[in-house]
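No experiment lies behind these values; they were computed from the predicted model shown. Just so we're on the same page: letters track the sequence lines, and every chain starts at 1.
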Amino acid sequence: MDGFWPTFTRRPKIPAKKTYPLGQEIEGYLKSPRRVLIPLRDDTSSQFNLTISEGKKVGPGERIGEKVRGDGKIALRATIGGEFKGIVKAPVPDGFYSECALIERMEDWDVKDQDLREYGLSGEELLREAGIPFKYDKLRKARVLVLNATQFEPHFGLQNLLLSSNLDELLDGMNLVKEIFGIEHSVICLERKNKDLSEKLKPKLKHSGTIVFETKRAYPRKGKRLLLKEVSGKGTLNEDDYVVFSDPWIFVCTSRAVRRGEPYLERPVEVDGSAFPTPKILMVRIGTPFQEIFEFLGTKMDVLTEIVVGGVLQGIPQPTLEVPVSYDTGLILAFMSLNLKESTESKIYRESTCVRCAKCVDVCPSNIVPNVIVESLRRKLFERALYAGIERCVECGLCSYVCPSRIPLLTILKIAKRDMGLVSGD
Amino acid sequence: MELNLRERLIIRHPPHVTTGETVHCLMFDVVIASIPLLLAGFYFFGPRSLLIVIISSVSAILAEILVQIWHIKPLKLNQIFYQIVTHERITVFDGSALVTGILLGFNLPPAVPLWIPVVGSFVAITLGKHFFGGLGHNIFNPALFARAFLMFAWPAHMSRWVGPVTWEITQSGISYSFDALSQATPLFLAKGQEVEYNALDLFLGKVGGCIGETSSLAILIGGAYMLYKGTITWHIPFSYILSAGILALILGRDPIFHLFSGGLFLGAFFMATDVVTSPVTKSGRLIFGIGCGVLTMLIRVYGSYPEGVCFSILLMNALTPLIDKYTLKFSTVLKG
């Protein structure tokens with residue numbers, strides 16, 4: 001009956017963070033799943049063209065086509081060796097249906113990944129050929145490279161792990177990106193509370209050309225503007241000068257592509273939630289369906305009720321177990337329940353009317369008024385929503401976390417921002 | 001090639017973790033915070049004050065059920081019970097009716113006839129809240145709305161004050177007696193001239209007045225609890241009390257007397273901070289508090305009523321949408 005009887009203790013405004021021990025390593029390696037569904041689109045507007053035909057056999061890392069985005073072409077590569085079965089439409093973690101290339105594993109196939117060095121490419125061409133999804137047009141304009149390694153999502157500990165275990169490759173990758181795109185400075189942002197990690201990083205970073213910046217609080221993935229405001233200090237801020245990344249893995253991949261010729265075929269994924277006894281960090285191939293991951297971990301499928309990608313605050317719910325791991329999937333949460341039907345849902349926790357308690361206003365990191373904006377959006381008063389500053393929303397999800405009326409503020413804001421054509425940088 | 005997408009999972013919107021707080025919690029926090037006020041009222045005005053608060057809260061709950069009972073079809077006892085328990089149609093379990101009843105009881109003099117709280121609660125719930133569309137849509141604080149209604153309808157009952165009681169422990173038990181048959185509130189006496197007062201009695205509440213408003217100490221304890229729990233923020237009480245004190249100084253009155261007498265503390269911590277009828281922006285809340293303080297002092301000094309808290313908060317409630325509208329842009333530009 002939590003939420004019905006009052007408690008005498010204060011409720012937290014920000015969810016308690018789960019911290020991981022620093023020495024943690026990647027615990028499992030799912031190298032060859034039975035099949036992969038490689039997402040062919042990054043978002044609904046991008047295009048692709050495939051160069052292989054149905055039934056053809058491909059090796060791991062073999063080029064199967066390319067994605068065509070606003071900033072150029074990026075190679076698509078088969079992530080396992082096997083037979084290309086065709087294009088299927090499947091839900092992808094970002095919350096839309098995308099065409100995916102279905103490749104089924106063949107047992108007698110050579111498992112060695114393709115080496116990129118035989119192309120003889122270098123610089124940006126090599127990164128595009130390796131399939132690394134940088135925003136290349138932004139990188140070319142930028143002067144400062146910022147890695148946002150603050151932990152905003154309470155269960156997302158992947159950044160900490162990569163910073164402590166893959167630091168050398170990460171710094172090498174950052175330096176390579178700086179060199180290739182002519183970027184002057186690079187900054188790694190850590191939360192001030194995260195003392196252990198910054199103590200560990202500082203001596204190693206001394207001569208690497210990268211600075212550690214300790215921020216006052218954690219910033220969400222899309223909170224570029226807020227982060228830069230703190231990083232740049234006082235003075236005028238030109239957002240084009242900065243390019244912010246929140247996934248350290250992309251730099252590790254850069255280093256591996258340039259030094260070892262490895263294309264971007266796999267990434268670490270954290271799995272957490274009530275369906276697993278302990279959170280685990282796995283290395284999986286891009287395109288692995290979640291079902292394969294859960295089978296690999298030995299999860300009971302019949303009690304699995306809910307899968308969320310991205311975290312408890314901002315996560316996107318997934319409709320089926322066929323959803324593949326995409327290029328930026330970092331955290332998969334799976335929840336189980338022994339007996340959950342629609343009728344067993346508590347009536348107390350349903351959405352009710354906004355009582356204007358202004359808890360969302362007090363907690364909002366970008367100082368907007370979520371309840372007024374959502375109220376005007378529901379009445380289709382888009383002018384008023386713009387006036388109240390909807391474009392400043394960083395989609396952090398804290399407003400819906402604190403809302404006592406259980407209004408899905410974040411979901412409404414996200415949908416409205418997408419439909420109004422407002423994009424926030426990440 | 002088609003995928004087997006039949007195995008559907010539950011899709012819920014984020015967040016997948018919440019504070020666990022609901023509207024009940026906000027309302028019951030106010031109820032918990034009002035316990036020191038109830039005890040103070042019981043101590044200073046005798047058991048009758050407790051009876052008035054209980055009558056007003058019970059009749060507020062009954063009024064809430066009666067107003068919403070017409071939505072239920074078919075009208076059967078088990079249906080009514082079901083709707084109350086699940087609070088689908090009858091929202092009495094959200095606690096707002098209880099809070100309105102308790103706050104209305106605090107705003108009544110201890111000597112009112114017992115039908116006054118019943119009428120007041122029905123006015124508060126029907127005219128004050130459900131005519132505007134229920135919780136979340138009301139413009140005015142329902143309890144203050146009912147108090148204003150009662151003051152205009154039965155001014156004689158609403159201004160019959162009794163002094164604080166004295167408790168005696170005798171052999172036959174505990175007994176109490178009133179100090180005087182009729183004693184006006186300090187503010188009523190102060191209308192026009194300065195009065196002698198004992199600052200400690202004024203702070204503890206040993207003066208005439210409404211049930212909940214006299215003891216500033218009890219209100220501070222309750223307010224501190226609400227501030228700790230995050231039910232209210234510091235903006236409105238702080239700006240209300242500060243602006244009233246400063247204006248009292250400017251107008252040449254005794255600020256200590258004006259702050260601790262009358263319902264200023266009750267208004268600042270319990271009435272003006274009503275979440276539904278106060279602005280949502282932070283700067284708006286400050287403006288709201290300042291407006292309440294200024295209007296309270298102006299009514300007290302220049303108006304014909306001795307007390308101005310009720311009317312000042314009602315007036316600022318009416319201005320809340322306007323304050324919200326103009327502080328919306330201001331606050332985002334300033335801080336964002």
Checklist entry - Using a cut-off of under 4.5 Å for heavy-atom pairs, which of D324(B), I32(B), V276(B) has the most such pairs with chain A? => result V276(B)
Given heavy-atom pairs under 4.5 angstrom as the criterion, report whether the side chain, backbone, both or neither of [X] touches chain B.
{"X": "V355(A)", "answer": "both"}
{"X": "L410(A)", "answer": "side chain"}
{"X": "E54(A)", "answer": "neither"}
{"X": "F8(A)", "answer": "both"}
{"X": "C357(A)", "answer": "both"}
{"X": "N371(A)", "answer": "side chain"}
{"X": "C403(A)", "answer": "backbone"}
{"X": "S352(A)", "answer": "side chain"}

Checklist entry - Does NZ in K17(A) sit with more than 12 non-hydrogen atoms of other residues, nucleotides or ligands closer than 6.0 Å? => result yes
Checklist entry - How about Y228(B): does its OH atom have over 12 heavy atoms from other parts shown lying under 6.0 Å from it? => result yes
Next on the checklist: Tell me whether E322(A) is salt-bridged to R35(A), with the criterion being a basic N under 4.0 Å from an acidic carboxylate O.
Outcome noted: yes
Checklist entry - Under 4.0 Å between a Lys/Arg side-chain N and an Asp/Glu carboxylate O for E64(B) and K129(B)? => result yes
Next on the checklist: Per the salt bridge (Lys or Arg N to Asp or Glu O under 4.0 Å) rule, what does the pair list look like for residues 222-234 of chain B, sequence neighbours excluded?
Outcome noted: D29(B)-K229(B)
Checklist entry - With a 3.5 Å cut-off and no angle check, do the side chains of T19(B) and K359(A) form a donor-acceptor pair? => result no
Quick one: what part of [X] sits under 4.5 Å from any heavy atom of chain A, side chain, backbone, both or neither?
{"X": "I232(B)", "answer": "neither"}
{"X": "D94(B)", "answer": "neither"}
{"X": "L26(B)", "answer": "side chain"}
{"X": "S278(B)", "answer": "backbone"}

Item to check | chain B contacts, top residue of T411(A), L398(A), D362(A) (heavy-atom pairs, under 4.5 Å) | outcome: D362(A)
Checklist outcome for this item: Counting heavy-atom pairs under 4.5 angstrom with chain B, the leader among I316(A), L304(A), V312(A) is V312(A)
Would you name the heavy atoms of [X] and [Y] that are closest together and state the gap between them?
{"X": "P279(B)", "Y": "T320(B)", "answer": "N-CG2, 3.6 Å"}
{"X": "A146(B)", "Y": "L104(B)", "answer": "CB-CD1, 3.8 Å"}
{"X": "A60(B)", "Y": "I125(B)", "answer": "O-CG1, 3.7 Å"}

Item to check | Under 3.5 Å donor-acceptor, R384(A) side chain and I373(A) backbone | outcome: no
